[in-house]
Amino acid sequence: MAYTLDFGTPVNTALLIYILYSVQKIVFPSTSTPKTIPNEFKHGYSWMPKEHPPTVLFKTYTPKTLEPFDGKNGGRILLAINGIVFDVTAGRNFYGPDGMYGNFAGRDASRGMAKQSFDLDMLTAVDQPLDKLQDLRPDEIENMKGWIEHFSNKYIICGKLVESDAA
Amino acid sequence: MTISDYLVTDDLTVLLGFIGVSVFLLQNLYKPQPLVHPILLGRQSDAGRVRHSGESAVYRNYGTGLMGRFPVRPDKDVNVVTDFVKPEFDAPRTLWSTKITNAQLKARVSAFGSGIAKLVPEDSTVLILLNDCIEFVITDLALSEQSIASITLSSPKLLARVLEMHPPNAIITDNAFLPHVLQARHGVDDFHHTLIVLGLLPNPRDIVLHSWNDVESHGKVPQAPRNAPQPGSAYTVSFFETPSGGMRCVQFSHENFTSGVTAIKALFPATINLSTLDTIVSSHSLSTPYGRAIAYAALFEGASFATLPSTGVFHDGDAPALDVADILSAIKFPIPSPTVLFLKPEHVQSLASSVMDRAKKSFFLFPLAWRHKFASLTEGFLTKDSLWDRTVFGSAREDVLGKMADTVKAVVISGGLLPFDALVPARLALSIPLINTYTHGSATGPLFATHAFDLQMLPSSSPATEPAHVGAPSVNVEVKLIGVNDNVVEKGADPTGEILVRGSSVGNMLSADGEAGEKNAWVHTEEMACVMTNGAFKVLGST
């Protein structure tokens with residue numbers, strides 16, 4: 001082959017071929033776009049994340065349907081204050097089964113929040129109608145509203161709590 | 001021959017080795033840097049964590065965030081619309097054909113305001129039926145200063161209905177459109193309103209007509225406005241047509257317009273932001289809230305401003321075609337060479353195809369130039385000064401646009417849906433930031449806008465039918481989609497539904513008989529959209 005003789009050795013030929021190939025890539029760049037859009041920004045400039053950011057669907061809960069969400073078996077932890085259901089899974093340390101306030105998980109915690117108490121007698125049983133909170137003092141109602149503010153900023157509002165027969 | 005005989009090296013090997021290494025480095029390290037890091041384009045809007053059934057989550061611009069407050073004014077001193085004309089700025093700039101300083105403009109505004117305050121009673125409404133000109137701006141600012149409500153229409157077809165349902169106390173129009181106004185008046189009985197005409201008054205006159213210039217000169221003795229305008233008070237009402245031919249009515253306050261100007265300024269990142277050195281040319285009529293907000297943005301920045309002839313709403317005959325000739329007619333005004341163009345998709349498509357056709361005339365270089373520019377586009381980099389622009393595209397742009405080709409630094413596309421396959425040729429042909437936005441008659445600023453340096457090519461499965469994406473919600477609106485299929489979305493598909501907006505640049509919709517709705521209520525835009533995983537929206541058309 002002519003240029004092998006001219007360049008003398010296979011090493012030179014290999015280098016020459018490599019140089020010619022690279023120069024060709026530089027002068028005639030590839031214009032193919034990938035068939036599927038990559039899911040990582042490292043794999044391409046035109047990329048899209050694989051999934052939407054997670055969103056929770058706003059649901060209506062009754063005391064019975066709220067009860068399973070007490071964090072046992074590693075599930076979501078929900079609690080309700082004044083008819084608003086909060087997703088407190090992020091606060092598993094507090095509201096999980098081993099947490100200090102674990103009594104509130106899966107229940108209506110309105111009275112406990114108002115009276116600043118975590119005792120079991122603050123909770124109404126699941127098959128009873130919802131606690132009307134009529135006998136609370138105004139400052140206890142204020143306290144409960146303060147807790148609702150705190151929870152709204154810290155956790156997600158993901159539902160509302162209604163009577164068992166109203167749902 | 002042994003192995004060592006094959007691997008004999010000599011001086012030529014060293015040379016080739018050197019060249020090989022430098023070629024390797026050149027190929028791998030000399031990749032163009034993207035103009036915006038792709039990681040930012042993966043999360044363009046901030047999505048709410050909760051959504052109601054049948055709706056999507058609430059989306060806001062990522063920069064604003066779900067907890068952030070909407071930016072409402074471009075500067076802390078700008079509270080009402082007349083504050084856009086900054087008195088401390090004294091260099092003259094050209095508005096259409098008039099070279100004027102801010103002080104002179106303020107003087108003319110207060111003169112006209114005093115003049116018209118003498119003509120119309122308190123708490124009156126004035127209907128403005130002018131094509132875009134400096135008199136429109138003066139009228140608008142004067143009425144807002146005097147707290148006299150103004151009405152604008154986005155289309156002359158609405159005139160008859162508006163005269164019937166909301167008769168104004170005065171009508172301001174120009175002499176070319178005056179016959180139409182008089183004709184529309186005949187259908188409506190029992191009104192007494194003042195007619196103010198711009199331009200020469202027609203002869204003979206059997207009805208009382210006032211000349212616009214006379215009103216201004218009569219107001220030379222300034223009369224202080226009866227009530228000082230408040231930012232939150234509504235001062236103008238805009239009627240616009242829906243795609244189905246219905247009429248909708250929206251009320252705007254000073255705060256809506258200051259928010260609109262903030263949103264328009266936010267379209268441009270720091271390297272290409274609006275300043276007094278700019279000349280803005282707009283294809284959106286001042287009779288629409290967005291068009292007015294663009295004019296106010298130009299006033300606020302001290303930039304020169306002009307509009308294209310296709311913005312004329314009130315005229316006889318057919319509207320001019322939205323193409324390159326329309327864009328070039330901006331040069332007829334004595335403004336400096338335009339730097340920022342606010343165009344409609346048809347303009348951009350026509351411009352891109354003209355430039356590409358001119359560029360294709362250089363047979364040998366065009367394919368190579370196109371390849372190189374496309375390759376750098378896939379890496380996210382585009383510039384007007386590359387080698388290929390100097391050889392091929394630059395001269396094509398100059399042939400098509402003339403002197404404008406050198407000075408235009410950004411193009412904002414709004415007022416329609418840009419087809420996806422027009423986007424890449426437009427980017428390559430113009431090589432400047434193209435900002436695709438979506439506007440609606442109910443908002444003063446854009447509702448959605450792409451990042452200025454976003455060059456991603458994200459084809460969907462059917463690129464021929466879907467339009468290009470319009471990016472994330474603007475800095476001071478929040479958006480949600482309704483009519484969304486829950487099952488499909490829970491499985492991870494893109495939510496698709498009707499767009500509802502709320503925010504400081506969205507006005508207050510009025511019902512058919514003029515009742516104001518709740519403040520800050522969600523506005524139905526009657527357009528469908530879908531949101532992609534990176535937070536960018538694609539508007540799909542009307543419901």
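Convention: sequence-line order gives letters A, B, ...; per-chain numbering from 1. The figures here come from the full heavy-atom set of this structure, side chains too, leaving out hydrogens, waters and symmetry mates.
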Exercise. For chain B, which residues from residues 44-59 of chain A lie under 4.5 Å away (heavy-atom distances)?
Worked result: A/Tyr45, A/Ser46, A/Trp47, A/Met48, A/Pro49, A/Lys50, A/Glu51, A/His52, A/Pro53, A/Pro54, A/Thr55, A/Val56, A/Leu57, A/Phe58
For [X], is it the side chain, the backbone, both or neither that has a heavy atom under 4.5 Å from a heavy atom of chain A?
{"X": "B/Tyr59", "value": "side chain"}
{"X": "B/Val489", "value": "neither"}
{"X": "B/Ile39", "value": "both"}
{"X": "B/Glu490", "value": "side chain"}
{"X": "B/Met67", "value": "neither"}
{"X": "B/Asp486", "value": "side chain"}
{"X": "B/Leu15", "value": "neither"}
{"X": "B/Ala536", "value": "neither"}
{"X": "B/Val58", "value": "neither"}

Just so I understand: if I count every heavy-atom pair under 4.5 Å between each of [options] and chain A, which residue has the most?
{"options": "B/Leu26, B/Val23, B/Leu377", "value": "B/Val23"}
{"options": "B/Ala375, B/Ser376, B/Gly492, B/Gly42", "value": "B/Gly42"}
{"options": "B/Asp454, B/Leu455, B/Val531, B/Leu41", "value": "B/Leu455"}

[atom1] of [X]: more than 12 outside heavy atoms within 6.0 angstrom?
{"X": "B/Arg49", "atom1": "CZ", "value": "no"}
{"X": "B/Lys384", "atom1": "NZ", "value": "yes"}
{"X": "A/Phe118", "atom1": "CZ", "value": "yes"}
{"X": "A/Phe94", "atom1": "CZ", "value": "no"}
{"X": "B/Asp11", "atom1": "CG", "value": "no"}
{"X": "A/Lys42", "atom1": "NZ", "value": "no"}
{"X": "B/Asn28", "atom1": "CG", "value": "yes"}

For this session: Can you tell which part of A/Tyr18 gets under 4.5 Å to a heavy atom of chain B, answering side chain, backbone, both or neither?
Result: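 The side chain, not the backbone.
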Exercise. Which region of A/Ser22, side chain (C-beta onward) or backbone (N, CA, C, O), has a non-hydrogen atom less than 4.5 Å from a non-hydrogen atom of chain B, or is it both or neither?
Worked result: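 Both parts, backbone and side chain.
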Exercise. Who are the side-chain hydrogen bond (donor to acceptor under 3.5 Å, both in side chains) partners of A/Gln116, not counting sequence neighbours?
Worked result: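 For A/Gln116, the residues satisfying side-chain hydrogen bond (donor to acceptor under 3.5 Å, both in side chains) (neighbours in sequence not counted) are A/Asn143, A/Trp147.
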Enter the distance from [X]:[atom1] to [Y]:[atom2] here, rounded to the nearest 0.5 Å.
{"X": "A/Ile17", "Y": "B/Leu16", "atom1": "CD1", "atom2": "CG", "result": "11.0 Å"}
{"X": "A/Tyr21", "Y": "B/Gln27", "atom1": "OH", "atom2": "CD", "result": "7.0 Å"}
{"X": "A/Ile37", "Y": "B/Leu458", "atom1": "CD1", "atom2": "CG", "result": "5.0 Å"}

Please report the shortest heavy-atom distance between [X] and [Y], naming the atom on each side.
{"X": "B/Thr13", "Y": "A/Leu15", "result": "O-CD1, 3.7 Å"}
{"X": "A/Thr31", "Y": "B/Phe374", "result": "O-CE2, 3.4 Å"}
{"X": "B/Arg371", "Y": "A/Phe28", "result": "NH2-O, 3.7 Å"}

